[in-house]
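Residues take their numbers from the sequence shown, with the count starting at 1.
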Amino acid sequence: MGGPEQLDDARPAGPGVVAAMAAGDVERARDRRNRVLAAFLLSCRSEHTRRAYARDITDFFDWCDQVGIEVFAVRRVHLDGYVTALAAPRPRTGRPAAASTVARRLAALAGFYDYAVDEGLIGSSPVTRVRRPRVESDSPSTGLDRDEQRALLAAAQADGPRATALVTLLLHNGLRIDEALSRDVEHLQVERGHRVLRLHRKGGRAATAALAAPTARALDVYLDGREAGPIFTTRTGRRMDGPAAWRLIRRLARAAGLASADRIGPHTLRHAFVTTALDAKVELRDVQDAAGHADPRTTRRYDRARHNLDRHATYAVASYLAEPVAALTDQPAHDSEVPARRGAD
């Protein structure tokens, strides 16, 4: 993996349009951009951030290849074109990328091109003036309600100890999936009489999560005396990865008969934890700490989404319209009960 001192040859020598480059030049250009990306990712403290940035920036690299533009020759117009492409229905889902996805990818590219500027590889970042989509302050969903969570737990229990342990941990602690899957058995400890799990939070922050009795029991049953290695493993003993967890939770959601099963993933369970904690009257600050939100506004997004539905005006309107007409006004219900108007004379 090349460091910054090995990246001088990444400077674009000309317009850099891939279509005008020979096959060998194209391969060298791709090798250069990959080495710059690798060096940039070294500057990210969190493994989660490195993986997310790698995915988003690689997606942009693929788009550059499709349209025939060399990465270090990109200008604002190209990035505007990329944003427009993201707004088109995606082949896999049939839906455009969410505003939050577009904003996240532009943030990753901003970091990548800022790094290239710092290293003297380009004169200025093409991302600087690109308009980023507005991300709504309210969370787009409210997770699972209590009955749906119970149904999902029942499906996990029917599936086996590993599914039970994972779903219980995610629902009861609201962990990000990477936080859960990165933990080893050694991270399960006891502190002041509490069963706890040592975490490595987003941004590299260390944290300690208390484990409720059902969570501790589910983990104990699953581990069955195992004292080392990853907590969550595959059948071959390797650490479970994110895609495997996604598939497991989606399968359990379908087994539970949840109406939104095809849209449920690990983050749905984290969302459910936050909204359920707020329903249980846990203080917003304590929910923020438990969820590992660095910014309280992130936690408040879930709170607003929860109350926006409970207090939606549609319920009041429907109730109002359902009342008998006579109860809505001070006037008699029938014209026959209205005194005849006196004549002019």
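Counting heavy atoms from C-beta outward, R132 and V102 have side chains that stay 4.5 Å or more apart. Put simply, the side chain of I122 reaches to within 4.5 Å of the side chain of F72, judged on heavy atoms. Side-chain contact check for L41 versus T49: every heavy-atom pair is 4.5 Å or farther apart. Side-chain atoms of L86 and P96, non-hydrogen and from C-beta on, never get closer than 4.5 Å to each other. For the pair L42 and R50, the minimum side-chain heavy-atom distance is 4.5 Å or more. Two residues are said to be in side-chain contact when any heavy atoms from C-beta on lie closer than 4.5 Å; L170 and I249 meet this criterion. Contact check for V196 versus Q189: side-chain heavy atoms found under the 4.5 Å cut-off. Side-chain contact between L248 and M240 is present, with at least one heavy-atom pair separated by less than 4.5 Å.
Counting only distance, with no hydrogens or angles, the side chain of R183 and the backbone of R198 share a donor-acceptor pair below 3.5 Å. Under the 3.5 Å distance criterion, the side-chain polar atoms of T128 are left unmatched by any main-chain donor or acceptor of S124. With T233 contributing its side chain and P230 its backbone, the two residues share no donor-acceptor pair below 3.5 Å. Distance alone, capped at 3.5 Å, places no donor-acceptor pair between the R162 side chain and the F232 backbone. Under the 3.5 Å distance criterion, the side-chain polar atoms of H78 are matched with a main-chain donor or acceptor of R75. Looking only at distances, a side-chain donor or acceptor of N173 sits under 3.5 Å from a matching main-chain atom of A210. Side chain of R254 to main chain of D262: no donor-acceptor pair is present (N/O by atom type, distance under 3.5 Å, no hydrogens or angles). Judged by distance alone, with hydrogens and angles left aside, the side-chain atoms of N34 form a donor-acceptor pair with the main-chain N or O of R30 at under 3.5 Å. T164 places a side-chain N or O within donor-acceptor distance of the main-chain N or O of G160, the cut-off being under 3.5 Å. A donor-acceptor pair under 3.5 Å is absent between the side-chain atoms of T168 and the main chain of A165, judged by distance alone.
Within 6.0 Å of atom CZ in R263, 12 or fewer heavy atoms from other residues, nucleotides or ligands are found, so the atom counts as exposed in its surroundings.
In this structure, the separation between OG1 on T268 and CZ on R270 is 12.0 Å, given to the nearest 0.5 Å. To the nearest 0.5 angstrom, C64 atom SG is 8.5 Å from E70 atom CD. D145 contributes atom CG, which lies 9.5 Å from atom CZ of R150 (distance to the nearest 0.5 angstrom). Remark: E179 CD to H187 NE2 distance equals 12.5 Å, nearest 0.5 Å. Distance check, rounded to the nearest 0.5 Å: CZ of R28 to CZ of R33 gives 14.5 Å. Here the straight-line distance linking atom CG of L188 with atom CG of L197 works out to 5.5 Å at 0.5 Å rounding.
Residues V185 and A228 approach most closely at CG2-O, 3.7 Å, considering heavy atoms. Minimum heavy-atom separation, A256 to A151: CB-O, 3.6 Å. When all heavy atoms of L181 and G242 are compared, the closest pair comes out as CD1-N, 3.6 Å. Closest non-hydrogen pair, P214 versus H172, comes out as CB-CE1, 3.8 Å. The two atoms that bring A39 and Y115 nearest to each other are CB-OH, 3.4 Å, heavy atoms only. For the pair W63 and A85, the tightest heavy-atom approach, listed with the atom from each and the gap, is NE1-CB, 3.7 Å.
Between F60 and Y82, a ring centre-to-centre spacing shorter than 6.0 Å is recorded. Between F112 and F61, the ring centre distance stays below 6.0 Å.
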**Asked** Step by step, would you call R226 with I231 a side-chain contact (heavy atoms from CB on, under 4.5 Å)?
**Response** CA-CA 9 Å; R226 184 157 55 86; I231 293 178; 5.6 Å; no
**Message:** Assess the residue pair D114 and E119 against the criterion (side-chain contact (heavy atoms from CB on, under 4.5 Å)); give the C-alpha distance rounded to whole Å, side-chain angles, the decisive distance to 0.1 Å, and a yes or no.
**Reply:** CA-CA 9 Å; D114 284 347; E119 294 300 317; over 6 Å; no
**Message:** Before you tell me yes or no, could you show the steps for V190 and R195 under side-chain contact (heavy atoms from CB on, under 4.5 Å), namely the whole-Å CA-CA distance, both residues' side-chain angles and the distance that decides it to 0.1 Å?
**Reply:** CA-CA 5 Å; V190 176; R195 295 285 298 276; 3.9 Å; yes
**Message:** Run the salt bridge (Lys or Arg N to Asp or Glu O under 4.0 Å) test on R146 and D279 for me, step by step, so that the C-alpha distance in whole Å, both residues' side-chain angles and the decisive distance to 0.1 Å come before the verdict.
**Reply:** CA-CA 10 Å; R146 184 160 58 174; D279 284 339; over 6 Å; no
**Message:** Test side-chain contact (heavy atoms from CB on, under 4.5 Å) on R104 and D56; report intermediate values, then the result.
**Reply:** CA-CA 8 Å; R104 188 195 69 229; D56 288 343; 2.7 Å; yes
**Prompt:** Going through the checks in order, is the salt bridge (Lys or Arg N to Asp or Glu O under 4.0 Å) test met by R76 and D80?
**Reply:** CA-CA 6 Å; R76 173 178 171 174; D80 288 338; 3.5 Å; yes
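Note: the hydrophobic cluster containing V117 also contains Y113 (ILVMFWY, side chain heavy atoms under 4.5 Å, direct or indirect links). Residues V83 and V127 fall within the same hydrophobic cluster, defined by Ile, Leu, Val, Met, Phe, Trp and Tyr side chains chained together at heavy-atom separations under 4.5 Å. Both V67 and L109 sit in one connected hydrophobic cluster of ILVMFWY residues. Membership requires side-chain heavy atoms under 4.5 Å apart, directly or through other members. A chain of hydrophobic side-chain contacts below 4.5 Å, direct or via other Ile, Leu, Val, Met, Phe, Trp or Tyr residues, connects V71 to V130.
Checking E191 against T208 by side-chain atom types alone, no donor-acceptor pair falls below 3.5 Å.
Looking at residues two or more places apart in sequence or on another chain, you find a side-chain contact (heavy atoms from CB on, under 4.5 Å) between A253 and L152, L258, A261, I264.
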